[in-house]
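Reading through the structure tokens given below for one structure.
All chains are named by letter (A, B, ...) in the order of the sequence lines, taking the proteins before the strands, and each is independently numbered beginning at 1. Note that the structure is a prediction, hence the values are computed from the model and not measured.
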Protein chains: 2
Amino acid sequence: MALTQTAETRYTKPVLVAVNKPFDDEDGLKALRSHPLFSELDGKDLQHLIQQSRRIRLGHHQLLYRQDMPAHHFFFVISGRLRLYRLDSSGIDRTLDSIAPGDCFAEVMIYADPPRYACYAEALKSSEVLMIPVKAYQDMLESNPKYAQAALRHYAKRAVSRFHDLEIMTVQNARDRLIRYLIDLLPNGAEEGGEVELPLPKCLVASRLAMQPETFSRILADLKSNGLVRVNRSRLFISDPQRLIEISQ
Amino acid sequence: MALTQTAETRYTKPVLVAVNKPFDDEDGLKALRSHPLFSELDGKDLQHLIQQSRRIRLGHHQLLYRQDMPAHHFFFVISGRLRLYRLDSSGIDRTLDSIAPGDCFAEVMIYADPPRYACYAEALKSSEVLMIPVKAYQDMLESNPKYAQAALRHYAKRAVSRFHDLEIMTVQNARDRLIRYLIDLLPNGAEEGGEVELPLPKCLVASRLAMQPETFSRILADLKSNGLVRVNRSRLFISDPQRLIEISQ
DNA sequence: GGGAGTAATTGACCTAACTCAAAGTGTTCT
DNA sequence: AGAACACTTTGAGTTAGGTCAATTACTCCC
């Protein structure tokens, strides 16, 4: 059974109407081309896709789309950062993901039926995204079946991350959940320690990990006082990941 | 950073070696054909795929594959029921999913690189599965690009379910998590109430919902005493889903 | 059918984490 | 620069839910 959505009060800012602007800067193009969904496309096809897309600028906290809105586009982040979240019937805001430059989002909706956004998307700071018409991408896939392989790989990867999320979220205590989250944030091969940047403000990381901001703060303070992490704003330095893992056991 | 796997003590039963047996019964074939990954295949291709596959019988609690094992096959459930789980470094068992007849699993690994199982899979009761070689399916997709569309739709759907899981798991109290879980189990359109069969033994549902079996039991007892559900073994009758949702708010 | 083993329930106790409140620290806007 | 606002931290009190222990109910075998 599906839950019905009733809360819709807190967001007064309107959904953005596109600001037209060409997408032609070198860096942006390079980033786009290095994304698995686009890297296989040959120059002509990519160009055509970009021509049909629009570049959008979002202000801090600006809403890009709403949950359950018909989904005619998916997005590629050029700059800034966004977050995906849901609102439940009592209006509680659940952060599901944060999206960094070079990432795509809402791309899974291409094949939903009917295509509706599964969550809200808002900018965490001023950001630019490329708004790509679902139909344009779909048409291209159909006329160039070889592209489908890359898309399949991409989607399969997404599907796998479900296991990962579930593994963290079935951890029953807040401290260990947070530790697991931090470990996952460490770049691969950083067994000797490393720095991690929280992809969300602390209060939203807390929400993502199903705990209160106060709990998050206290756990971090505790790890800090035990010399397990050093904290500088949203940057955390983890000197001994192995010890952290042992503690979380 | 990836966590290293150290616990591997509790499973003494060996990984199954295939029992060869043709897959030709009408019901099984019909079920297979109605799965989105196979429904588009024309008869010849499907037949060929089946010929390359093997039918496997699993006993109660028998392990089908282990996490991190190289994944050369994916599976279709003919009968019985399986569960997917992970073991963390302290040996705690986290149930991630249960698989019913007519479902596929490990199919996302087709495109993983390197292809390794992301979790353990074991039979919850005596079961039969069809073991399909990844390569056979992949070859078929490549030689018949039209099939890729169906596969894409399937994978996209899987990816969407991540949001759903996260939405439940970010609910901060056990009672509401359980209620959400039950509501999701209700067939679509059962606003007037209906019966739900727990897809897992209660203690594993509890694990899936990040709570203790005792907590699960107490919450259910409480809902029962408030007339919100009637419980008969693993079958729950929910008379007034709307009221349940209101309570969980 | 009886015994072993597993799953579920119930009770008592205790602690992790929530709630509310207030103060501190940044950040943005004018 | 200063006001307004959002985010973070800290403290105190409370409670949801975890832990441990004991009982009951199933299930599977022999």
Side-chain angles (χ1 to χ4, degrees), chain A residues 10-13 58-62 80-81 83 90 92-93 95 98 122-126 169-179 198-225 229 231-236 247-249, chain B residues 10-13 59-62 80-81 83 90 92-93 95 98 122-126 169-179 198-225 229 231-236 247-248:
Chain A
R10 51 191 301 195
Y11 284 90
T12 48
K13 287 200 186 181
L58 296 162
H60 184 57
H61 272 179
Q62 191 163 14
R81 189 172 280 273
R83 83 172 169 118
S90 56
I92 293 173
D93 169 327
T95 298
S98 89
E122 69 160 28
L124 283 170
K125 49 184 170 182
S126 61
M169 297 311 289
T170 50
V171 170
Q172 282 185 36
N173 71 83
R175 156 186 284 248
D176 293 353
R177 231 152 43 228
L178 173 52
I179 290 179
L198 295 177
L200 294 164
K202 289 175 185 171
C203 64
L204 294 182
V205 175
S207 139
R208 179 45 234 276
L209 294 176
M211 68 184 76
Q212 295 302 121
E214 294 94 329
T215 304
F216 180 96
S217 177
R218 280 187 248 266
I219 292 171
L220 209 56
D222 182 59
L223 294 179
K224 203 161 49 176
S225 80
V229 298
V231 182
N232 182 306
R233 312 262 187 166
S234 68
R235 305 191 75 83
L236 312 185
I247 283 171
S248 83
Q249 54 157 308
Chain B
R10 50 193 301 196
Y11 284 90
T12 48
K13 286 200 188 184
H60 185 56
H61 272 180
Q62 190 163 15
R81 189 172 281 273
R83 85 174 169 117
S90 55
I92 293 173
D93 170 328
T95 298
S98 89
E122 68 160 27
L124 284 170
K125 50 184 171 184
S126 60
M169 297 312 288
T170 51
V171 170
Q172 282 184 37
N173 71 83
R175 156 186 284 248
D176 293 353
R177 232 153 42 229
L178 173 52
I179 290 178
L198 296 178
L200 295 162
K202 289 176 185 171
C203 64
L204 294 181
V205 175
S207 138
R208 180 44 235 275
L209 294 175
M211 67 183 76
Q212 296 301 122
E214 295 93 327
T215 305
F216 180 96
S217 177
R218 280 187 249 267
I219 293 171
L220 209 56
D222 182 59
L223 294 179
K224 204 161 48 176
S225 80
V229 297
V231 183
N232 182 304
R233 313 262 187 164
S234 69
R235 305 190 75 81
L236 313 185
I247 284 172
S248 84

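At a non-hydrogen distance threshold of 4.0 Å, A:A210, A:M211, A:Q212, A:E214, A:T215, A:R218 from residues 206-221 of chain A come into contact with DNA chain C.
Atoms NE2 (B:H60) and C1' (C:dT6) sit 9 Å apart, rounded to a whole Å. In this structure, CG of A:L178 is placed 16 Å from P of C:dA16, rounded to the nearest angstrom. For the pair A:L223 CG and D:dT8 P, the interatomic distance rounds to 17 Å; values are reported in whole Å. Distance B:K224 NZ to C:dT10 C1': 12 Å, rounded to the nearest Å. Nucleotide C:dT6 holds its P atom 19 Å from the CG atom of B:L200, rounded to whole Å. What separates CD1 of A:I247 from C1' of C:dA16 is a distance of 17 Å, to the nearest Å. In this structure, A:N173 places its CG atom 10 Å from C1' of D:dG18, rounding to the nearest Å. We find that CZ of A:R177 is positioned 14 Å from P of C:dA16, with the value rounded to whole Å.
OP1 or OP2 of C:dT9 has not a single side-chain nitrogen or oxygen of B:R233 nearer than 4.0 Å. Between C:dC18 and B:Q172, a contact under 4.0 Å exists linking OP1 or OP2 to a side-chain N or O. Put simply, B:K125 has no side-chain N or O that comes within less than 4.0 Å of OP1 or OP2 on D:dT27.
To the nearest 0.5 Å, the span separating NE2 on A:H60 from NZ on A:K125 amounts to 10.5 Å. Rounding to the nearest 0.5 Å gives a distance of 11.5 Å between CZ of A:R208 and CG of A:L204.
Without hydrogens or angle criteria, A:R177 side chain to A:V171 main chain gives a donor-acceptor distance under 3.5 Å. Of the possible polar contacts, none joining the B:N232 side chain to the B:R235 backbone as a donor-acceptor pair under 3.5 Å is found.
Annotation for A:K224 and A:V231: closest pair CD-CG2, 3.6 Å, computed over non-hydrogen atoms.
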Quiz item: Can you check side-chain hydrogen bond (donor to acceptor under 3.5 Å, both in side chains) on A:S98 and A:R81, steps first, answer last?
Solution: CA-CA 7 Å; A:S98 89; A:R81 189 172 280 273; 3.2 Å; yes
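Looking at B:T95 and B:R83, their side chains do bring a donor and an acceptor atom within 3.5 Å of each other.
Between A:R175 and B:L204, the residue whose closest nucleotide on DNA chain C is further toward the 5' end is B:L204.
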